[in-house]
Amino acid sequence: MSQAFHYNIMARAIQLAERGLYTTMPNPRVGCVLVKAGQIVGEGWHIKAGEGHAEVNALAVAGAKAKGATAYVTLEPCCHQGKTPPCCDALIAAGVSSVFIGMQDPNPQVAGQGIKRLRDAGVSVSQGLLEDRVALLNPGFIRRMQRGMPYVRAKLAMSLDGRTAMASGESQWITGSSARSDVQRLRAQSCAIVTGIGSILNDNSALTVRANELSVSNATAAAEKQPLRVVLDSTLSIEPDAKLLHGPGLSVVVAAVAKPAKEELLLALPNVQVWYLPGVDGRVDLTQLMRRLAEQASCNEVLIEAGSVLAGAMLQAGLIDEMIIYMAPKLLGSRARPLFELPIDSMAEQQPLAIKDIRAVGDDMRITAVPLVD
């Protein structure tokens, strides 16, 4: 087969993997295509954590046609027993003759061992096909496996003059309904949403994924597993009736200062946990928080929905990997709050960004940018 043919089939596997964008967490998004005599005989993708992986689903479609076929898999097939059996063994048992892999699995439990097992069984293996595109499927999974940290996005909404809220904290609504619906997509693909106590006191947000506002084909499935909701509340000032503590799924209140009486009230609520982390000047250590979200909660992708103080602190700590900024065609004036609280006094201290994408979302603009580091 020509190189172009191999590229096209792997591109199809990537398309399949994208169908699991909102549902595979904490597992990676993976797609698989089986080809025999130049024809596709089976396709599959990892639909949901705990269920069949992409390879197994594709083999089920192909049936007996899998014998002698070539498999195109976006991520190295697993070789360990988890909630499902090893995919390497399934491919070998089905009689697949060759495998094209997009990228090696960064999970230390696999990390080349799946490739070795296939080769030891006489299966021809090629790796690195469309690897750059494949890596874009799982930035958080890769980051967590390689560095023990999640991939962090910051969602921000601002006026044309770069303001996010009035001086009083009032911020509903800067952007229009289309932008707010688009935010539901960001929430749905995130393992956790992190906010600050100031945002909760001002807006009392629930931070849930609302299926009726989620404009994706599998909206119901995407909203089924709610992201972990995390509020940074250094001195435990949150009230037990806050919406965030009563939505579906688990809520975590992160504090730096212990208040046993208040903690007892919070822990009496179902699905609420309180974490204590080291503090700096009475504020939670943000790096330790991100590490704990990765290690204890298996968070691949984390969404920051917060005001200028927490957003600025995350940026200064070098913890923001990507910014999604919704810009509304309106002015809030010089008394309103800025996008980030950043103590910058000279041009030499400026924070350079790379703009990756700009597009219209309803009446607003959505800007995707990444911080540039030395």
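Please read these numbers as outputs of a predicted model, since none were measured by experiment.
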Got a second to check how far Asp120's CG is from Ile92's CD1, nearest 0.5 Å? 8.5 Å
Tell me, with the steps shown, if Arg144 and Ser298 meet side-chain contact (heavy atoms from CB on, under 4.5 Å). CA-CA 8 Å; Arg144 180 165 66 89; Ser298 298; 3.9 Å; yes
Scanning both residues in full, the closest heavy-atom pair of Cys87 with Glu55 reads SG-OE1, 3.4 Å
Could you walk me through whether Glu305 and Ser205 satisfy the side-chain contact (heavy atoms from CB on, under 4.5 Å) test, starting with their C-alpha distance in whole Å, then the side-chain angles of each, then the deciding distance to 0.1 Å, before giving a yes or no? CA-CA 10 Å; Glu305 290 197 48; Ser205 300; over 6 Å; no
Could you report the tightest heavy-atom contact between Leu332 and Met166, atom names first, then the distance? O-CE, 3.8 Å
Quick one about Arg291 and Gln288 (side-chain donor to acceptor, distance below 3.5 Å, no hydrogens or angles considered), yes or no? no
Begin from the C-alpha positions of Leu286 and Leu310 and carry the test side-chain contact (heavy atoms from CB on, under 4.5 Å) through to its verdict. CA-CA 9 Å; Leu286 298 175; Leu310 178 54; 3.9 Å; yes
For the residue pair Leu269 and His246, what are the closest heavy atoms and their distance? CD2-CE1, 3.7 Å
To the nearest 0.5 angstrom, please state how far the CH2 atom of Trp275 sits from the CG atom of Leu293. 5.0 Å
Are Val183 and Met323 in one and the same hydrophobic cluster, where Ile, Leu, Val, Met, Phe, Trp and Tyr link if side-chain heavy atoms are under 4.5 Å apart? no
Apply the side chain to side chain contact (heavy atoms under 4.5 Å, CB included) test between Val254 and each candidate in Ile197, Leu289, Leu236; give the one that qualifies. Leu289
Would a distance-only check, ignoring hydrogens and angles, find a side-chain to backbone donor-acceptor pair under 3.5 Å from Gln184 to Arg210? yes
Before giving the answer on side-chain contact (heavy atoms from CB on, under 4.5 Å), spell out for Thr74 and Met103 the whole-Å C-alpha distance, their side-chain angles and the decisive distance to 0.1 Å. CA-CA 6 Å; Thr74 56; Met103 70 174 290; over 6 Å; no
Name the residue from Leu319, Val194, Leu156, Ile193 that meets the side chain to side chain contact (heavy atoms under 4.5 Å, CB included) definition with Ile304. Val194
Provide the closest heavy-atom pair for Pro240 versus Lys262 in the form atom of the first, atom of the second, distance. CD-CE, 4.2 Å
Smallest separation among heavy atoms of Leu34 and Ala62, with atom names: CD1-CB, 3.7 Å
Is any side-chain heavy atom of Cys88 closer than 4.5 Å to one of Glu76? no
Test item: side-chain donor near acceptor, Asp233 and Ser237, under 3.5 Å: yes
Pair Asp182 + Arg185: basic N to acidic O under 4.0 Å: yes
Sub-3.5 Å donor-acceptor pair from the side chain of Asn138 to the main-chain atoms of Ile142, do we have one? no
Asp161 and Ser159: side-chain donor and acceptor closer than 3.5 Å? yes
Does a side-chain N-to-carboxylate-O contact under 4.0 Å join Glu322 and Lys356? no
Using side chain to side chain contact (heavy atoms under 4.5 Å, CB included) as the criterion, list what pairs up with Lys36, not counting sequence neighbours. Val41, Ala69
In terms of relative ring orientation, are Tyr72 and Phe5 parallel, tilted or perpendicular, with 30° and 60° separating the classes? perpendicular
Side chain proximity check, Pro28 to His46, heavy atoms < 4.5 angstrom: no
For Val309, which of Arg337, Met314, Arg283 qualifies under side chain to side chain contact (heavy atoms under 4.5 Å, CB included)? Arg283
Heavy-atom pair of closest approach, residues Trp173 and Arg180: CE3-CD, 3.2 Å
